[in-house]
Amino acid sequence: MYAFFSELLSDKKGETLFACFGLWHFCYLFVAIVIAIATIYYLNKKEHDVKQKAISIFINCAFFVYIADFFLMPFAYGEIDVEKLPFHVCTAMCVMCFWSRHNTFLGRYRQQFALLGFISNLVYMIYPAGLMWYQVHPLSYRVIQTLLFHGLMTGYGLLVLLFDDVKIERKLICKDFVVIIFMTIWAIFGNVLYNGQAWNRTNNFNWFFVTQDPFYIIPENIASFIMPFINITVFFAVELMVYAVLLGVKRVKHRR
């Protein structure tokens, strides 16, 4: 069985490789957009309970895809990839979004988790650079699993923003700032804990981009001191922009 699943899930090479903004990338984006539009159209006039069930389905599926990957990685890659631990914003928000729907305290931050997860996963869907580095076939398990996960998380965040009675208040927006700070601290903890050399292996993770500048503009010797503050500023600014758009849409609907 191990040989069968290893052959089925391992990276596929060939002349056709997945590339950012290539044909296959646009095909995946097209499918994601069609599903999103169809889901929004279907739920638009449905009752609140139906919308909540749909939102739950999206996050449950995303969480299942994430957890199942840890059991399938030994077949696909021959090992469990430590980098997929929930220290990156995309994976961490998957866990927190799922948990926030089953825990009273975390439920108070459900809107904040969903928004941060939506932004981070949408960015990855648009620019999945990590997949391009592996130079694999577009139908490899690595590509399908990664884009499926990020697509479900993007869909979940979008549905929460549209149908989950998102409130735009100064007190709630402060919660967004707090969540980003805690995400940054959590990522720093993960990088400190797992980066280093042992067992003839060197780990150099950059979870949430707090140790290195992903664009290599900031010198490495000072990046770890500057990037946490840049991340907090940038993500919070983007969240404010999203809230501004939502507020504008609500005002237009109210006038109509």
Side-chain angles (χ1 to χ4, degrees), residues 36 39-40 43 48-67 69 84-125 149-193 207-210 227-250:
T39 303
I40 293 171
L43 294 175
H48 179 73
D49 290 344
V50 177
K51 295 176 181 178
Q52 290 302 311
K53 288 181 180 179
I55 292 173
S56 295
I57 289 174
F58 267 77
I59 188 58
N60 289 343
C61 289
F63 187 72
F64 172 79
V65 170
Y66 176 62
I67 296 300
D69 188 39
K84 289 198 173 184
L85 289 174
F87 290 107
H88 235 320
V89 60
C90 297
T91 51
M93 287 306 104
C94 174
V95 176
M96 300 311 294
C97 286
F98 178 82
W99 200 0
S100 67
R101 305 190 74 85
H102 302 279
N103 180 275
T104 303
F105 174 76
L106 292 178
R108 302 172 187 172
Y109 297 87
R110 186 167 68 182
Q111 172 180 318
Q112 288 71 35
F113 293 142
L115 176 57
L116 185 56
F118 168 72
I119 293 172
S120 58
N121 284 278
L122 177 62
V123 170
Y124 193 91
M125 286 292 294
F149 168 78
H150 287 84
L152 288 169
M153 284 300 300
T154 303
Y156 168 76
L158 181 61
L159 293 181
V160 169
L161 293 175
L162 293 177
F163 299 127
D164 204 17
D165 191 26
V166 171
K167 297 180 180 180
I168 306 174
E169 303 172 0
R170 181 177 298 178
K171 181 179 179 180
L172 294 178
I173 292 177
C174 288
K175 285 186 176 182
D176 288 283
F177 190 67
V178 171
V179 168
I180 296 174
I181 291 177
F182 272 93
M183 178 64 236
T184 303
I185 295 173
W186 176 246
I188 292 173
F189 171 73
N191 283 292
V192 171
L193 187 64
W207 283 307
F208 200 35
F209 310 115
V210 295
M227 286 306 300
F229 298 100
I230 292 178
N231 274 356
I232 293 172
T233 303
V234 170
F235 273 93
F236 188 60
V238 173
E239 289 191 349
L240 291 179
M241 292 172 59
V242 173
Y243 279 136
V245 172
L246 290 176
L247 187 60
V249 172
K250 286 187 176 183

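Heavy-atom minimum distance, Ile180 versus Phe208: O-CE2, 4.5 Å. Among all heavy-atom pairs drawn from Ile59 and Cys94, the shortest one is CD1-O, 4.0 Å. In terms of heavy-atom proximity, Ala54 sits nearest to Leu43 at CB-CD1, 3.5 Å. Closest non-hydrogen pair, Met183 versus Phe87, comes out as CE-O, 3.2 Å. Between Ser100 and Arg110, the closest heavy-atom pair is OG-CG, 3.6 Å. Across every non-hydrogen atom of Pro86 and Ala92, the tightest pair is O-CB, 3.6 Å.
Proximity of Gln111 to Lys175: side-chain heavy atoms (C-beta onward) are nowhere separated by under 4.5 Å. Side-chain contact between Gln112 and Phe177 is absent, with no heavy atoms from C-beta onward closer than 4.5 Å. Within the 4.5 Å cutoff, no side-chain heavy atoms of Glu239 are placed close to those of Ile173. With a 4.5 Å cut-off on side-chain heavy atoms, Thr39 and Phe58 count as touching. With a 4.5 Å cut-off on side-chain heavy atoms, Thr91 and Leu85 do not count as touching. Counting only heavy atoms from C-beta outward, the side chains of Tyr243 and Leu115 approach each other to under 4.5 Å. Put simply, the side chain of Tyr156 does not reach to within 4.5 Å of the side chain of Asn121, judged on heavy atoms.
Proximity of a side-chain donor or acceptor of Asn60 to a complementary backbone N or O of Ser56 within less than 3.5 Å is detected.
Phe118 is linked by a ring pair (Phe, Tyr, Trp, His ring centres under 6.0 Å) to nothing, counting only residues two or more places apart in sequence or in another chain. With sequence neighbours left out, Phe63 forms a ring pair (Phe, Tyr, Trp, His ring centres under 6.0 Å) with Phe98. Phe182 pairs by the ring pair (Phe, Tyr, Trp, His ring centres under 6.0 Å) definition with nothing, not counting sequence neighbours. Considering only residues two or more places apart in sequence or on other chains, Tyr66 meets the side chain to side chain donor-acceptor pair (under 3.5 Å) condition with none of them.
With respect to Leu161, the side-chain contact (heavy atoms from CB on, under 4.5 Å) criterion is satisfied by exactly one of Val242, Val245, Val249: Val242.
Taken from CG in Asp164 to CG in Leu158, the straight-line distance is 12.0 Å, to the nearest 0.5 Å. In this structure, the separation between OG1 on Thr184 and CD1 on Ile232 is 4.0 Å, given to the nearest 0.5 Å. Taking CD1 of Ile119 as the start and CE of Met153 as the end, the distance is 12.0 Å to the nearest 0.5 Å. Remark: Ile181 CD1 to Phe229 CZ distance equals 9.5 Å, nearest 0.5 Å.
Contacts classified as salt bridge (Lys or Arg N to Asp or Glu O under 4.0 Å) and involving residues 49-66 (residues at least two apart or in different chains) are not found. For residues 84-107, the pairs satisfying salt bridge (Lys or Arg N to Asp or Glu O under 4.0 Å) are Asp69-Lys84, with sequence neighbours left out.
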Test log, rule side chain to side chain contact (heavy atoms under 4.5 Å, CB included), inputs Val160 and Ile55: CA-CA 7 Å; Val160 169; Ile55 292 173; 3.8 Å; yes
Chi angles and distances behind the side chain to side chain contact (heavy atoms under 4.5 Å, CB included) call for Leu159, Ile40: CA-CA 8 Å; Leu159 293 181; Ile40 293 171; 4.3 Å; yes
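In this structure, Phe209 has its ring center under 6.0 Å from that of His88.
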